[in-house]
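A quick write-up on the structure given underneath.
Heads up: numbering here begins at 1 and tracks the sequence.
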Amino acid sequence: MVEKLGYKRNAMASGLRSNRTNTVGLIVPRLSMYFHAEIITTIQNELHTYGYNLIICQSNDSLEVEKELARTLYASCVDAVIAACTLFTTDFSHFDQLTQNNIPVIFYDRVPVKPYPACTVKGDDFRGGYLAAAHLLELGCRRIAYISGPLNCSIYIDRFAGFQKAMQQYDVPILSSRVFYHELSAANARKTMKKLFAKKPYPDAIFAANDVSALEALHFAKDSGIRVPGELKIVGYSNDPRSSIVTPSMTTIEQFPANIGKVIVNELVKILKTENGDDATTIAGFPKIITPVELIKRMST
């Protein structure tokens, strides 16, 4: 009779009765970013094994869109929300409606800098920044330029801190003329490279806080007749698949996004299985998980 009548269970009605919809909301900056695409795939596959469906939302790095999505997911009665925030999110109060109504939130990658009542999962960006800079310094580079994202964002704060630590250990000064903070797009990286090579002394190395900028730095070097790695060494961040197929192949920091996705789901399932766990948890009690990174050495250094 189910097949004959075309009956379908009303998930919303069932959710009202059980106070669960078996649905998780996910907010990401851009679906096109390799790092997030890998994490989304892992999260969806892992959640499916636990009987959860995933609603995927894209903020396009717009704070206003992110606020709207948080409201929409709350109205959709999701059981939990996973979020990687925009570059410009410094006030996380638009997630309060969720956390204050016992809907757990897990932030990953771009996470709150100040204490917030939510679990966080992020790569070891401090170590990533340190490994990249230390590698260049070990190779004898001393005029290292750093292309960073905005320092209001957690990942770029930590990557820059790691870069600073390595430079301090090697007693190499960081010149403001060789450090740039901006949205890490190819267009911005090209503008930065033009500034760096407008007058001597030119940098002997570039550390870019994402692979998009590092790849554009490589393209600029080729266009300008600068030999890589002979005259200029380049390190990126994220191990985008393109970094291994360009010529020369790109040294970069591997973040293991599939592992991050698994950690997120493991933490989320533990939270959802804990009855009324959110009521008794203080801000200090929420897990802050840092996942490992690794330097991948290739031909650009």
Do Ile144 and Phe220 belong together in a cluster built from hydrophobic side chains that touch within less than 4.5 Å?
yes
Just by distance, do the side chain of [X] and the backbone of [Y] share a donor-acceptor pair under 3.5 Å?
X	Y	result
Ser249	Met299	yes
Ser76	Val78	no
Thr291	Ile260	no
Arg143	Pro203	no
Asp211	Ala214	no
Asp204	Leu232	no
Gln58	Leu31	yes

Can you tell me how the ring of Phe180 sits relative to the ring of His182, calling it parallel under 30°, perpendicular over 60° and tilted otherwise?
tilted
Tell me whether the rings of Tyr116 and Phe107 are parallel (<30°), tilted (30 to 60°) or perpendicular (>60°).
perpendicular
Test salt bridge (charged side-chain N to carboxylate O under 4.0 Å, His left out) on Glu216 and Arg190; report intermediate values, then the result.
CA-CA 6 Å; Glu216 187 58 34; Arg190 171 70 59 156; 2.8 Å; yes
I'd like to know whether NZ of Lys222 has more than 12 heavy-atom contacts from other residues, nucleotides or ligands below 6.0 angstrom.
yes
Output yes when [X] and [Y] qualify as a salt bridge under the 4.0 Å nitrogen-oxygen rule, no when they do not.
X	Y	value
Arg127	Asp158	no
Glu64	Lys67	yes
Asp61	Arg110	yes

Cationic tip of Arg159 above Tyr237 ring, under 6.0 Å, 45° of axis
yes
Grab the two heavy atoms, one from [X] and one from [Y], that are nearest each other, plus how far apart they are.
X	Y	value
Asn239	Ser243	OD1-OG, 3.4 Å
Ala134	Ala166	N-CB, 3.8 Å
Ser59	Pro29	OG-CA, 3.4 Å
Ala118	Val105	CB-O, 3.2 Å

dist Leu26:CG -> Ile43:CD1 (nearest 0.5 Å) comes out at 5.0 Å
What I'd like to find out is whether the side chain of Thr251 reaches to under 4.5 Å of the side chain of Lys233, using heavy atoms alone.
no
Can you check whether Phe207 reaches His135 side chain to side chain, under 4.5 Å on heavy atoms?
no
Of His36, Lys122, Glu267, the one forming a side chain to side chain contact (heavy atoms under 4.5 Å, CB included) with Tyr108 is His36
